Amino acid sequence: MPLSRSLSMSSLSGLPLWEEESLPVEDLYLFEIAWEVTNKVGGIYTVIQTKAKITVDEWGENYFMMGPYYEHNFKTQVEQCDPPSAAIKIAMDSLKNSGCQVYFGRWLIEGSPYVILFDIGGAAWNLDRWKGELWDTCGIGLPYHDREANDCLIFGSLIAWFFKELTDQLQDKPNVIAHFHEWQAGAGLVLSRSRKIPMATIFTTHATLLGRYLCAGNVDFYNNLDKFNIDREAGERQIYHRYCLERAAVHCAHVFTTVSQITAVEANHMLHRQPDVVTPNGLNVKKFSAVHEFQNLHSTNKAKIQEFVRGHFYGHLDFNLEKTLFFFIAGRYEFSNKGADVFLESLSRLNYLLRVHKSDVTVVVFFIMPAKTNNFNVESLKGQAVRKQLWDTAHAVKEKFGKRLYEALLKGEIPDMNKILDRDDFTIMKRALFATQRHTLPPVTTHNMLDDSTDPILTNVRRIGLFNNRNDRVKIVFHPEFLSSTSPLLPMDYEEFVRGCHLGVFPSYYEPWGYTPGECTVMGIPSVTTNLSGFGCFMEEHVSDPSAYGIYIVDRRFRSADESCNQLTQFMFSFCQQSRRQRIIQRNRTERLSDLLDWRYLGRFYIHARRLALSRAFPDTFKMDTFVPPPTQGFRYPRPQSVPPSPSASIHSTPHHSDEEDEEPYDEDEEAERDRQNIKAPFTLGAVPPGKKKQPGEYGN
């Protein structure tokens with residue numbers, strides 16, 4: 001059965017359509033195994049959840065996800081049902097008859113995929129025996145105190161057991177593809193291959209174990225990739241057994257994939273195998289798209305953030321909210337990995353530039369990173385209460401004023417404005433005015449921090465001296481909790497908050513992909529990323545001038561930390577110099593890039609990986625062309641022909657300028673159509689554009 005590269009779903013508007021033969025999914029079963037199936041732990045949950053719909057659309061009832069069973073998650077997220085296949089039911093019954101609990105149902109997310117969940121605790125009585133088998137088979141020993149690694153071994157053993165029972169029932173019809181994500185699922189792949197279970201296997205690493213540990217320790221990681229003693233580094237961090245499981249899974253898989261070119265370079269050094277395919281992470285763009293209303297949504301949600309700022313900065317609200325920009329950084333609280341250290345230093349330099357240039361622009365920066373707190377900050381709650389009291393007072397006086405004005409006009413009189421409000425009204429307004437007086441600075445953090453004296457963000461805020469003084473043009477708000485629409489302080493969901501901001505800043509040092517700038521892009525919000533993040537590398541490859549489309553890429557790979565800070569500062573300062581019209585044009589361009597991040601496009605890389613795995617596992621049945629895909633640059637969105645609002649082409653020598661200066665020719669529909677016509681062939685697996693040299697450790701698939 002010859003297989004050729006193909007795409008089984010319709011291509012996006014403007015993207016080339018692949019009209020070739022699709023996989024014979026009716027003769028195949030696809031299983032996707034991950035610790036995060038129905039179990040939200042990290043970014044992999046987002047990957048598998050958002051990808052579910054396009055996979056179900058392609059595979060129908062032959063697609064299954066597998067993960068650990070947690071009672072609460074099962075009861076709230078899964079609709080229990082019977083398996084559609086007799087072979088799967090028999091395999092599950094075999095495990096149940098041996099004392100292991102297995103659950104089947106539909107995961108209640110978009111696409112409603114089938115899920116098979118294994119009860120880890122219920123099978124723990126087998127742990128010692130399975131540890132012995134792992135040692136005898138692979139020479140990998142797991143310490144008794146590492147509960148996560150032990151749970152992963154139980155999970156992997158149950159997976160391998162299930163696949164053995166299933167393939168015994170199926171024989172060779174249909175064939176099985178098993179796709180394992182991350183080291184937590186790796187034990188299942190290793191045991192399945194060691195038992196010679198006939199199925200095609202794929203292993204995806206979303207970030208190497210050791211890479212994450214090394215970067216968290218402030219190591220100069222990317223400049224020393226070829227110098228690390230991997231075994232010693234893993235041993236010193238007491239993760240050698242986990243590293244062995246990860247590396248074994250990588251080398252046992254028929255196809256090894258990773259999520260970005262930068263992580264492929266890392267995996268090549270850390271795990272000693274060159275990835276076969278790069279499978280970038282996508283988003284279900286339909287979920288985030290607001291058709292042509294995204295500009296209106298930005299305005300609506302910006303107003304909500306402005307209300308919070310009015311309360312938080314009461315008594316110090318001497319800046320114009322109409323000339324205030326909202327920047328933010330969000331994600332796990334990994335201070336160095338997420339680039340919060342570089343961001344804070346750059347904010348200090350930005351504050352200096354804005355003050356020196358006597359700019360009337362104010363920047364309010366939000367840090368949305370969960371940390372240990374014990375409650376809301378009293379001063380923050382008081383600020384919102386004062387704001388609400390002022391609002392109520394203003395409305396009461398307005399009602400009284402309006403009624404008296406109405407009655408006077410009915411009588412044909414022009415009221416005396418000095419008499420239309422009586423003394424009581426002035427007393428109420430004076431009391432409200434006195435309530436806004438404040439003898440302290442607006443708080444930097446919205447919560448009471450448990451580790452205030454050692455918290456990295458607060459320590460660096462003290463170092464750079466950004467305490468929300470009146471003369472500072474950069475204000476900082478640290479919100480050490482994920483956003484929620486039920487919060488008494490900032491009652492907004494994350495999506496609403498992102499839409500209301502002007503710029504997302506994510507200068508990460510270690511970011512295998514980076515969903516946060518991707519989410520900004522599909523919502524039409526410009527963002528800052530780096531060439532050490534998978535997202536940044538992807539955009540550099542696919543967009544000729546990313547900054548013109550609102551994607552600012554900081555060079556953290558080939559520049560020093562100080563140079564990177566200066567570059568980030570210049571990006572932010574240039575953004576502050578844009579007029580309102582320029583920002584609107586830029587948001588239009590940013591939102592147009594959302595097609596690049598849609599699973600309907602990025603899903604084809606997973607299709608290619610499955611084809612490759614089938615051709616290697618069952619070469620007699622599935623044949624695949626051995627030629628390398630033609631070297632292309634992927635899409636290359638061109639530089640817009642109208643003058644782009646980017647640092648290189650549209651900054652003003654002074655921040656004091658009028659909107660009349662900015663009347664460059666611009667037609668959104670014409671420009672969007674020109675972009676679509678200039679898109680080149682999209683399928684690329686590591687090809688290097690002409691004239692661009694490969695970096696050490698990079699490869700072509």
Side-chain angles (χ1 to χ4, degrees), residues 290 293-330 360-369 373 375-399 402 428-429 431-438 440-447 468-470 472-505 520 523-525 576 580 583-584 587:
E293 290 295 313
F294 77 96
Q295 295 280 11
N296 294 336
L297 287 173
H298 167 72
S299 180
T300 302
N301 291 300
K302 182 179 71 174
K304 294 180 182 179
I305 299 175
Q306 286 175 335
E307 282 299 291
F308 166 81
V309 168
R310 288 186 178 101
H312 192 79
F313 290 91
Y314 83 92
H316 288 256
L317 202 65
D318 51 359
F319 51 91
N320 185 352
L321 279 177
E322 292 305 315
K323 293 186 177 180
T324 298
L325 302 179
F326 301 129
F327 294 1
F328 80 100
I329 182 174
D360 58 355
V361 172
T362 302
V363 177
V364 177
V365 183
F366 293 87
F367 286 75
I368 312 295
M369 290 179 155
T373 64
N375 214 329
F376 293 109
N377 186 310
V378 172
E379 193 64 22
S380 297
L381 289 171
K382 180 184 175 183
Q384 300 308 315
V386 168
R387 177 192 62 77
K388 187 175 187 305
Q389 181 186 17
L390 279 174
W391 177 259
D392 292 342
T393 300
H395 266 262
V397 173
K398 185 184 77 171
E399 287 289 324
I428 292 172
M429 288 190 288
R431 287 177 59 185
L433 197 63
F434 289 158
T436 65
Q437 293 181 359
R438 191 180 213 165
T440 59
L441 294 174
V444 169
T445 179
T446 58
H447 291 60
N468 296 335
N469 286 303
R470 288 184 183 273
D472 285 330
R473 296 273 53 83
V474 174
K475 319 285 187 181
I476 290 180
V477 178
F478 179 22
H479 189 281
E481 197 173 72
F482 284 131
L483 296 168
S484 169
S485 58
T486 59
S487 169
L489 279 183
L490 188 54
M492 301 178 75
D493 289 330
Y494 180 71
E495 181 182 340
E496 294 176 320
F497 176 78
V498 172
R499 287 192 185 278
C501 287
H502 296 91
L503 182 71
V505 185
C520 286
M523 288 188 258
I525 302 300
C576 291
R580 180 173 183 145
R583 293 197 301 270
I584 290 172
R587 282 197 295 273

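Just so you know, these numbers come straight off a predicted model, no measurement behind them. Scope of the values below: all heavy atoms of this structure, side chains included, with no hydrogens, waters or symmetry mates.
For residues 295-318, the salt bridge (Lys or Arg N to Asp or Glu O under 4.0 Å) pairs, not counting sequence neighbours, are Lys304-Glu496, Glu307-Arg310, Glu307-Arg387, Asp318-Arg470.
A tilted orientation is assigned to the rings of His395 and Trp391, their planes being inclined by 30° to 60°. Using bins of under 30°, 30° to 60° and over 60° for the plane-to-plane angle, the ring pair Tyr494/Phe328 lands in the perpendicular bin.
Scanning both residues, His298 and Ile525, for their nearest heavy atoms gives ND1-CD1, 4.1 Å. Heavy atoms only, all atoms of each residue included: Ser380 and Thr445 are closest at OG-O, 3.7 Å. Between Pro488 and Gln384, the shortest heavy-atom contact is O-CG, 4.4 Å. What you find for Val498 and Cys520 is that their closest heavy atoms are CG1-SG, 3.9 Å. A pairwise comparison of heavy atoms in Arg473 and Thr362 identifies NH2-OG1, 3.0 Å as the closest pair. Annotation for Glu481 and Ile368: closest pair O-CG2, 3.8 Å, computed over non-hydrogen atoms.
How far NZ of Lys475 is from CG of Leu441: 9.0 Å, rounded to the nearest 0.5 Å. To the nearest 0.5 angstrom, Leu489 atom CG is 11.5 Å from Ser484 atom OG. Asn375 contributes atom CG, which lies 11.0 Å from atom OG1 of Thr446 (distance to the nearest 0.5 angstrom).
Residues passing the side chain to side chain contact (heavy atoms under 4.5 Å, CB included) test with Glu322, sequence neighbours excluded: Gln306, Asn320, Arg580.
Cation-pi contact between Arg587 and Phe294: absent, since separation from the ring centre below 6.0 Å together with deviation from the ring axis within 45° is not met.
In this structure the side chain of Phe366 reaches within 4.5 angstrom of the side chain of Phe308, judged on heavy atoms. Contact annotation: the side chain of Val309 approaches that of Phe319 to within less than 4.5 Å [non-hydrogen atoms, C-beta and beyond].
His312 contributes a side-chain N or O that, together with a main-chain N or O of Pro443, makes up a donor-acceptor pair within less than 3.5 Å. At least one donor-acceptor pair closer than 3.5 Å links the side chain of Arg438 to the backbone N or O of Tyr314. Listed for the Asn468 side chain is a donor-acceptor partner under 3.5 Å among the backbone atoms of Pro442. Here the side chain of Lys398 pairs no donor or acceptor atom with the backbone of Thr393 at under 3.5 angstrom.
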